[in-house]
2 protein chains.
Amino acid sequence: MSRVLVVDDDPQLSRALRITLRAAGYEVETAGDGRTALRDAADQHPDLVILDLGLPDLDGTEVLAGLRPWFTGPVLVLSARADSQDKVGALDAGADDYVSKPFDMSELLARLRALQRRGTPEPEDPIVRTDHFTVDLAARQVTVDGVVVRLTPTEWGLLSALVRTPGRLVSQRQLLQSVWGPAYQKETHYLRVYMGQLRRKLEPDPAQPRYLHTEPGMGYRFTP
Amino acid sequence: MSRVLVVDDDPQLSRALRITLRAAGYEVETAGDGRTALRDAADQHPDLVILDLGLPDLDGTEVLAGLRPWFTGPVLVLSARADSQDKVGALDAGADDYVSKPFDMSELLARLRALQRRGTPEPEDPIVRTDHFTVDLAARQVTVDGVVVRLTPTEWGLLSALVRTPGRLVSQRQLLQSVWGPAYQKETHYLRVYMGQLRRKLEPDPAQPRYLHTEPGMGYRFTP
DNA sequence: ACAGATCCTGACGAGACCTTGACGCCCGGC
DNA sequence: GCCGGGCGTCAAGGTCTCGTCAGGATCTGT
């Protein structure tokens with residue numbers, strides 16, 4: 001059973017997609033604008049995303065840009081525009097397929113099947129372990145010394161963005177963009193606050209972090 | 001350089017595709033009917049296949065069926081027919097994308113890029129190594145004799161600008177511009193200070209640099 | 001509508017970082 | 001030999017960034 005996130009601001013189309021996809025055996029979540037789309041994607045980790053380019057708040061390519069740093073599943077773009085340049089732009093921004101409206105539902109489903117067939121061998125272990133805590137990316141659960149710890153959605157978004165690339169530095173802009181959205185790239189204060197909370201919940205000694213390291217002026221790094 | 005097999009019985013379109021794909025950096029082979037297509041594919045093991053459904057000898061889905069048991073690369077299907085049922089049939093038979101004629105070349109190229117991107121999702125980390133230290137550009141991490149060394153943002157900017165072009169001289173203006181910005185092209189003093197810090201952190205003997213060389217009056221050079 | 005959780009925002013001390021100036025060295029030109 | 005320019009080193013000042021705390025705004029579920 002695959003989970004799909006539908007991002008569209010047209011309630012009618014959104015509803016039609018939900019019904020069709022449910023009937024085809026997908027679990028469906030929907031988002032009405034770009035910000036909630038990025039957030040929901042980070043929260044729920046869908047297997048694939050259907051993204052309408054005509055959103056009220058963000059440009060479709062901005063959503064793609066926010067998604068792509070960490071989201072590895074297929075993204076199918078819907079658009080009312082059939083212009084070739086739009087297609088090229090979206091595809092090069094990271095979309096895997098591009099379907100112009102109006103479209104045929106059965107074709108959409110076939111394209112989703114084709115994307116999935118290629119997309120997810122996923123041999124990756126979605127569980128990140130350290131000596132002190134484990135992060136289960138699929139179940140969205142964190143345990144510290146065997147005890148389950150509750151994280152808020154924001155804390156989880158930040159943590160998962162970090163532990164997905166162990167040992168790699170993640171820039172402040174990347175973190176802000178993937179957790180709060182592209183418009184928040186300057187709000188580095190948020191990072192300080194929430195990194196503090198994460199350290200208090202996860203680190204054995206929050207004052208001297210062992211796993212969630214700061215690289216001053218650049219970003220943060222998770223070292224297992 | 002990827003190799004692509006074009007299967008089409010229309011010589012004119014075939015030729016146009018060959019020219020366009022060559023210009024885009026592909027190696028191109030062509031086949032005019034289904035049987036030679038299957039044989040060529042088996043012989044040459046192309047990275048991807050562009051398959052026209054309207055072939056003289058075999059039905060397009062038959063070619064797909066013959067290809068798919070062993071060919072794992074992406075297959076993009078071309079067709080004169082825009083009927084949804086055809087698309088669904090081809091996609092479910094193993095095609096990864098379906099483009100109706102007439103089509104736009106730039107869109108086709110973009111779709112090929114999208115297909116290829118998905119095929120090889122693991123671009124390995126670009127790591128620069130010397131006998132004494134390694135620079136991991138993607139992870140933004142430097143190790144000296146196996147020990148992680150912390151760099152400040154400015155130090156990192158300078159170092160990465162240098163090691164990206166091993167053996168090549170990088171002028172002072174280039175360095176200043178790429179690290180501090182266009183307004184700082186005269187501040188050569190900055191370079192002396194920070195090159196000194198880098199040498200102290202990376203060189204086995206900072207007084208006699210082995211990797212970070214000065215070219216008086218010109219710039220600096222990283223020699224592996 | 002209410003209660004609790006969660007998020008945003010501002011202030012402040014501590015520390016890291018960047019900039020700047022001074023000084024000595026080496027080398028080539030006069 | 002004397003001089004000047006480019007280079008390397010060092011240290012100190014000022015600026016920016018980081019971590020922390022807490023109060024108020026906002027959201028969520030009942």
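Residue numbering restarts at 1 for every chain, and letters A, B, ... go by the order of the sequence lines.
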Just call it for B/T214: base, sugar-phosphate, or nothing, with non-hydrogen atoms closer than 4.0 Å on any strand. sugar-phosphate
Axis-to-axis angle across the helix from C/dA1-D/dT30 to C/dC30-D/dG1, five pairs an end, to 10 degrees? 40°
Should the pair A/Y211 and A/F133 be assigned to parallel (<30°), tilted (30 to 60°) or perpendicular (>60°) ring geometry? perpendicular
Residues, nucleotides or ligands: over 12 heavy atoms within 6.0 Å of A/R15 CZ: no
When all nucleic acid strands are considered with a 4.0 Å heavy-atom cut-off, which category describes A/E215: base, sugar-phosphate, or nothing? nothing
For B/R150, I'd like to know if atom CZ has over 12 heavy atoms of other residues, nucleotides or ligands within 6.0 Å. yes
Please report the distance, rounded to the nearest Å, between CG in A/L198 and C1' in D/dG19. 14 Å
Just checking A/Y220 against A/H213, ring centres under 6.0 Å apart? no
Atom CG of A/D40 to atom P of D/dT28: distance rounded to whole Å? 11 Å
Measure from CZ on A/R35 to P on D/dT26 and round the result to the nearest Å. 14 Å
Verify the ring-centre separation between A/Y194 and A/W156: is it less than 6.0 angstrom? no
Would you say D/dT20 has OP1 or OP2 under 4.0 Å from some side-chain N or O of A/R192? no
More than 12 heavy atoms of other residues, nucleotides or ligands under 6.0 Å from CZ of A/R113: is that the case? yes
Ion pair check, A/D205 and A/R199, cut-off under 4.0 Å: no
Which whole-number value in Å describes the distance from B/Q208 CD to C/dC26 P? 12 Å
Atom CZ of residue position A/R3 - does it have more than 12 heavy atoms of other residues, nucleotides or ligands inside 6.0 Å? yes
Answer yes when A/K201 and A/E155 have at least one side-chain N-carboxylate O distance shorter than 4.0 Å, and no when they do not. yes
Roughly, in whole Å, what's the span from CZ in A/R199 to C1' in D/dC21? 16 Å
In this structure, how many angstroms lie between the P atom of D/dG5 and the CG atom of B/L191, rounded? 19 Å
Contact list (N/O, under 3.5 angstrom) for nucleotides 14-21 of chain C vs protein:
residue : atom : partner : partner atom : Å
C/dC17  : OP1  : B/R150  : NH2          : 2.9
C/dC18  : OP1  : B/T154  : N            : 3.1
C/dC18  : OP1  : B/T154  : OG1          : 2.2
C/dC18  : OP2  : B/T152  : OG1          : 2.9
C/dC18  : O5'  : B/Y194  : OH           : 3.3
C/dT19  : OP2  : B/W180  : NE1          : 2.8
C/dT20  : OP2  : B/Y190  : OH           : 2.4
C/dG21  : O6   : B/H189  : NE2          : 3.1

Output the rounded distance in Å from CG (A/L176) to C1' (D/dC18). 14 Å
D/dG19 P sits how many Å from A/R200 CZ, rounded? 12 Å
